[in-house]
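What follows is a short report on a single structure.
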Protein chains: 2
Amino acid sequence: MSAEIWQEQLHDNGYRITAARRAVVETVERSTHALTPIEVYDLAREKYRALGLVSVYRTLEKLEELGIIQRVHQPMGCQAFISTGKGHQHLLLCRECGEAVFFEGDDLEVLMNSISKKTGYQIQDHWLQLFGLCKNCK
Amino acid sequence: MSAEIWQEQLHDNGYRITAARRAVVETVERSTHALTPIEVYDLAREKYRALGLVSVYRTLEKLEELGIIQRVHQPMGCQAFISTGKGHQHLLLCRECGEAVFFEGDDLEVLMNSISKKTGYQIQDHWLQLFGLCKNCK
DNA sequence: TTACTTGCAAACGTTTTGCACGATT
DNA sequence: AATCGTGCAAAACGTTTGCAAGTAA
């Protein structure tokens with residue numbers, strides 16, 4: 001998600017572009033790891049000292065709503081956010097350092113059809129996430 | 001996970017079988033939905049009134065540790081637990097009523113090899129979860 | 001009898017809310 | 001000028017911890 005798109009998206013939904021939001025978005029955008037609200041707060045305050053933790057929460061909420069960022073689920077917790085990739089993408093996470101990489105190209109059609117028949121469910125969506133060790137950590 | 005196995009597993013790990021634990025395990029085991037600690041507390045107290053919320057937390061912790069139950073990640077929250085299925089299984093969840101069903105038979109070998117090559121990661125594990133509508137809700 | 005487990009109360013960390021001030025449009 | 005966003009303080013919430021009493025083995 002490039003630097004300009006989030007401004008457009010905020011604006012088009014009636015939200016204002018402020019220093020606090022700029023600091024939050026740029027912090028999440030720049031990170032290769034999923035960040036918790038407090039991590040965002042600490043990092044973003046290096047650029048914008050007046051930032052309050054509450055604004056971080058409120059901004060993250062809106063950014064998630066607009067699909068600009070997404071929540072990352074991990075065994076150790078589910079409060080962290082990462083900048084959303086383009087298209088239908090999934091996450092690959094390093095267990096050691098937490099580095100996150102998007103990938104695409106999963107084809108679960110066959111599986112989903114089979115499960116659908118077996119269970120009687122109408123399947124709408126799927127979550128797929130991989131865990132491992134990155135180049136540096138393995 | 002049948003009614004006797006959890007008793008064995010607790011015992012073999014040096015834990016005692018108590019009324020509180022019995023109430024918690026039976027509550028989770030009986031449910032077709034993932035239950036939060038408070039939901040477990042409320043339901044289990046119908047059978048064992050003296051149960052405290054703290055014991056629910058401590059019991060759930062141990063049961064998860066032993067693999068008797070597992071945490072379920074959902075868009076609305078990740079605090080709920082469900083009785084663990086046998087073998088390598090994944091969850092299919094109804095978005096409407098929350099009913100949970102296990103399925104197996106995913107084969108992600110091909111995908112994982114391809115991602116491994118592209119990213120340089122050594123992939124160790126995967127999370128796959130499906131969302132949809134169950135027979136009754138669709 | 002011994003060690004584990006319990007419920008209670010209190011502590012804790014995270015997230016949310018109310019509000020008057022400040023900033024964006 | 002009007003409305004939206006902010007930071008602060010306080011409240012609310014879920015979860016964890018310390019402890020003396022109770023219970024399983």
Side-chain angles (χ1 to χ4, degrees), chain A residues 4 6-28 34-66 68-69 71-81, chain B residues 4 6-28 34-66 68-69 71-81:
Chain A
E4 287 74 38
W6 67 266
Q7 296 202 7
E8 259 181 59
Q9 272 191 273
L10 280 179
H11 182 265
D12 291 355
N13 285 273
Y15 298 124
R16 295 178 177 174
I17 312 299
T18 67
R21 288 179 179 161
R22 209 172 283 128
V24 169
V25 178
E26 283 174 5
T27 298
V28 178
L35 300 175
T36 63
I38 302 208
E39 289 170 335
V40 172
Y41 176 68
D42 288 336
L43 287 169
R45 262 168 58 88
E46 289 174 9
K47 290 189 284 193
Y48 179 56
R49 281 238 88 79
L51 179 66
L53 181 56
V54 177
S55 290
V56 173
Y57 276 99
R58 291 194 271 227
T59 301
L60 290 176
E61 187 185 7
K62 281 175 183 55
L63 294 175
E64 187 185 18
E65 210 175 283
L66 297 178
I68 296 170
I69 62 173
R71 191 176 292 268
V72 176
H73 296 260
Q74 290 181 267
M76 46 174 296
C78 309
Q79 309 76 32
F81 293 87
Chain B
E4 287 75 35
W6 68 266
Q7 297 203 5
E8 259 180 58
Q9 272 190 272
L10 280 179
H11 183 265
D12 292 354
N13 285 273
Y15 298 125
R16 296 180 175 172
I17 312 299
T18 66
R21 288 179 179 162
R22 209 172 283 129
V24 169
V25 177
E26 283 173 5
T27 299
V28 178
L35 300 175
T36 63
I38 303 209
E39 288 170 336
V40 172
Y41 176 68
D42 288 337
L43 287 169
R45 263 168 58 86
E46 290 175 7
K47 290 189 281 192
Y48 179 56
R49 282 238 88 77
L51 179 67
L53 180 56
V54 177
S55 290
V56 173
Y57 276 100
R58 291 195 271 228
T59 301
L60 291 176
E61 188 185 6
K62 282 174 184 55
L63 295 174
E64 187 185 18
E65 211 174 282
L66 298 177
I68 297 170
I69 62 173
R71 192 176 291 270
V72 176
H73 296 259
Q74 290 181 266
M76 46 175 295
C78 309
Q79 309 78 29
F81 293 87

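First the proteins, then the strands, lettered A, B, ... as listed; each starts at 1.
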For this session: Could you pick out which residue, B:Q79 or B:A19, lies toward the 5' side of DNA chain D when each is mapped onto its nearest nucleotide?
Result: B:Q79
Exercise. Under 4.0 Å: is that the gap between some side-chain N or O of B:T18 and OP1 or OP2 of C:dC4?
Worked result: no
Problem set entry | Smallest separation among heavy atoms of A:Q74 and B:H73, with atom names |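 A:Q74 and B:H73 have their closest heavy atoms at O-CE1, 3.9 Å.
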Using atom [atom1] of [X] as one end and atom [atom2] of [N] as the other, report the distance to the nearest whole Å.
{"X": "B:E64", "N": "D:dT15", "atom1": "CD", "atom2": "C1'", "result": "14 Å"}
{"X": "A:E61", "N": "C:dT17", "atom1": "CD", "atom2": "C1'", "result": "12 Å"}
{"X": "B:Y15", "N": "C:dT2", "atom1": "OH", "atom2": "P", "result": "23 Å"}
{"X": "B:D12", "N": "D:dA25", "atom1": "CG", "atom2": "P", "result": "13 Å"}
{"X": "B:H11", "N": "D:dT23", "atom1": "NE2", "atom2": "C1'", "result": "15 Å"}
{"X": "B:Q7", "N": "D:dA24", "atom1": "CD", "atom2": "C1'", "result": "13 Å"}
{"X": "B:I38", "N": "D:dC13", "atom1": "CD1", "atom2": "P", "result": "10 Å"}
{"X": "A:L63", "N": "D:dG5", "atom1": "CG", "atom2": "C1'", "result": "14 Å"}

Ignoring the backbone of [X], work out which of [options] is nearest its side chain.
{"X": "A:R21", "options": "D:dT15, C:dT6, D:dT6", "result": "D:dT6"}
{"X": "A:R16", "options": "D:dT15, D:dG5, C:dG7", "result": "D:dG5"}
{"X": "B:Y57", "options": "C:dT25, C:dT6, D:dG14", "result": "D:dG14"}
{"X": "A:V54", "options": "C:dT17, D:dG14, C:dG7", "result": "C:dT17"}

Exercise. How do B:Y41 and B:I17 order along DNA chain C: which one's closest nucleotide is nearer the 5' end?
Worked result: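 Its nucleotide being nearer the 5' end, the pick is B:I17.
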For this session: Check every strand shown and say whether A:A50 touches a base, only sugar-phosphate, or nothing at a heavy-atom separation below 4.0 Å.
Result: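 Touches sugar-phosphate only.
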Exercise. Touch check for A:Y48, heavy atoms < 4.0 angstrom, all strands: base, sugar-phosphate only, or nothing?
Worked result: sugar-phosphate
For this session: Record whether the side chain of A:R58 comes under 3.5 Å of the base of C:dT16 through a donor-acceptor pair of N or O atoms.
Result: no
Problem set entry | B:Q9 side-chain N/O to B:W6 backbone N/O, donor-acceptor pair under 3.5 Å | no
Exercise. So, do B:Y41 and B:R45 sit near enough that their side-chain heavy atoms are less than 4.5 Å apart?
Worked result: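 B:Y41 vs B:R45: side chains touch.
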Problem set entry | Side-chain heavy atoms of A:K47 within contact of A:T27, under 4.5 Å |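 The answer is yes, as the side chains (C-beta and beyond) meet within the 4.5 Å cut-off.
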Exercise. Would you say the side chains of B:Q7 and B:Y15 form a donor-acceptor pair under 3.5 Å?
Worked result: no
